[in-house]
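None of these values were measured; they are calculated from a predicted model.
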Amino acid sequence: MLDFQKFENEKVEIEAFLAQPEAYASPDFAEKSRRLAEINGILDLAREIEQAKRNLEEATELVNDPELGEMAREDVRILGLKVDELSAELEEKLLPHDPADDKPAIMEIRAGAGGDEASLFAGELYRMYVRYAERHGLRVELMSQNENEAGGMKEVVLRVSGEKPYGQMKFEGGVHRVQRVPVTESQGRIHTSTATVAVLPEAAETDIEIKPDDLRIDIYRSGGHGGQGVNTTDSAVRITHLPTGIVVAMQDERSQQQNRVKAMAVLRSRLVEKQKQEEMKAASDARKSLIGSGDRSEKIRTYNFPQDRITDHRVHYSRSNVPAAMDGDIEDLIHELTKAERAAAAGE
C-alpha cells in the first residue's frame with residue numbers, strides 16, 4: 001500500500017507558499033501551481049480507489065445472499081473493473097515524467113529528399129499536426145513558413161501550447177518517409193520522399209544565458225508569404241548564434257520586433273536542446289530512449305499509401321488507414337510511443 005502522506009505534506013507546503021501575497025510575482029509560481037494540481041489529481045484518485053475498494057468489499061459480502069446475490073455479483077464485476085482501471089491510472093500518474101512535457105513545443109518541419117513531392121509531404125505533415133491539435137484542445141501558432149510553387153512547404157515552424165504540448169508532440173521528431181505515386185508521376189511509379197521534423201520544448205529566458213556579443217542580427221526585407229504589405233518594410237530578422245553557427249530567420253510578421261521575439265524563442269529552444277544532447281552524449285553514448293533519440297537523421301515512421309499502411313519503426317507498430325492519419329488521427333501512434341516510454345521509465 002502506497003503511503004500518500006508525503007503528497008499531503010507537499011500539498012500543505014505548496015498551499016502555504018501560494019497563500020503568500022508575493023507568491024504571484026515569484027518565478028516559481030507557475031511550477032508550484034502546476035505541481036499542486038498534479039498532487040490534487042493523485043490524492044483524488046487515491047481516495048476514489050479506496051472508496052471503490054470499500055464498495056467492492058460490501059458487494060462481495062452479499063454475493064451469497066438469496067435475494068441480493070445476483071445484483072451483488074454484477075456490482076462485484078463492475079467495481080472490480082473500476083478498481084483495476086483507476087489503479088492503472090494512478091500508477092501512470094506516479095511514474096516519473098519529464099518536466100519538459102508541460103512546456104509549449106516548437107516544431108520545425110522541413111522537406112527532405114524528393115523535391116516537390118517532399119515539400120508536399122511536409123505540408124501534409126503540418127496539416128496533420130494542426131488537425132491532431134484541434135482534436136485535443138491544443139493551440140497552434142504558425143511562426144514561420146516557406147512555401148514553394150508546387151503548393152508544398154519547404155519549411156514550416158509552429159508553436160504548440162495547451163495541456164502537456166511537448167509531452168504529446170515530442171515523439172514526432174525524426175525522419176518521416178512517404179511512399180506513393182506522386183501527382184506529377186505520369187508512369188505510375190512509386191516514389192519515396194522524406195520530411196524531417198524537430199520537436200523542442202520551448203525554452204524560457206531563464207533556461208539559458210545568451211550573450212548579446214554572441215549574436216549577429218541581420219534585418220532585411222521580407223519576401224514570399226506574409227500577406228499584403230509585408231514587403232514594404234525591412235521587418236524580416238535573421239539571428240546567427242556565432243559560437244554554434246545556429247541560424248534562425250523569421251519574416252512572417254510585419255513588425256521587426258515580433259519577428260525578433262519569435263526568432264529568439266526558437267534560438268533559445270535549439271540551444272537548450274543542443275546543450276541537453278551534448279550532456280547526454282557525455283554521460284553515455286548508449287543513453288538513448290527506447291523510442292529513439294528524436295534525431296533528425298533517424299527514420300521513425302513510414303506512410304505507405306499503395307499498401308495503406310503506416311508503420312512506426314521505433315515500436316514496430318503498424319496500422320491501416322493512412323488518409324485518416326494524415327487528417328490528424330494519430331492518437332494510437334502517440335499512445336504506443338507513450339506506453340513504450342513509460343515501460344522504459346518503470347524499468348520493464
Salt-bridge criterion met for [X] and [Y] (N-O under 4.0 Å):
X: Lys164; Y: Asp101; result: no
X: Arg35; Y: Glu38; result: yes
X: Arg314; Y: Glu336; result: no
X: Lys339; Y: Glu341; result: no
X: Lys6; Y: Glu10; result: no
X: Glu70; Y: Arg73; result: no
X: Arg77; Y: Asp75; result: no
X: Lys82; Y: Glu85; result: no
X: Arg268; Y: Glu202; result: no
X: Glu8; Y: Arg47; result: yes

Side chains of [X] and [Y] in contact at under 4.5 Å (non-hydrogen atoms):
X: Ile210; Y: Ile208; result: yes
X: Glu147; Y: Gln145; result: yes
X: Arg177; Y: Phe121; result: no

Where is the tightest heavy-atom contact between Pro182 and Glu117, given as atom of each residue plus distance?
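Looks like CB-OE1, 3.7 Å.
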Can you see which heavy atom on Pro323 is nearest to which on Asp308, and at what distance?
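Pro323 and Asp308 have their closest heavy atoms at CD-OD1, 3.6 Å.
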Should we say atom CZ of Arg54 is surrounded by more than 12 heavy atoms from elsewhere, each under 6.0 Å from it?
yes
Between Tyr317 and Asp332, is a side chain to side chain contact (heavy atoms under 4.5 Å, CB included) present by the stated rule, with each step listed?
CA-CA 10 Å; Tyr317 173 77; Asp332 58 322; 2.7 Å; yes
Ignoring hydrogens and geometry, is there a side-chain-to-backbone donor-acceptor pair from [X] to [Y] under 3.5 Å?
X: Arg270; Y: Val247; answer: yes
X: Thr311; Y: His313; answer: no
X: Arg319; Y: Asn321; answer: yes
X: Ser144; Y: Val157; answer: no
X: Ser119; Y: Lys154; answer: no

Under 3.5 Å side-chain donor-acceptor pair for [X] and [Y]:
X: Thr244; Y: His241; value: yes
X: His136; Y: Glu163; value: no
X: Glu155; Y: Asn146; value: no

Examine Lys32 relative to Phe17 and say whether NZ or CZ is less than 6.0 Å from the centre of the six-membered ring and inside a 45° cone about the ring axis.
yes
Go through the steps for Arg301 and Tyr303 under the test side-chain hydrogen bond (donor to acceptor under 3.5 Å, both in side chains), then give the verdict.
CA-CA 7 Å; Arg301 192 177 297 154; Tyr303 306 74; 3.2 Å; yes
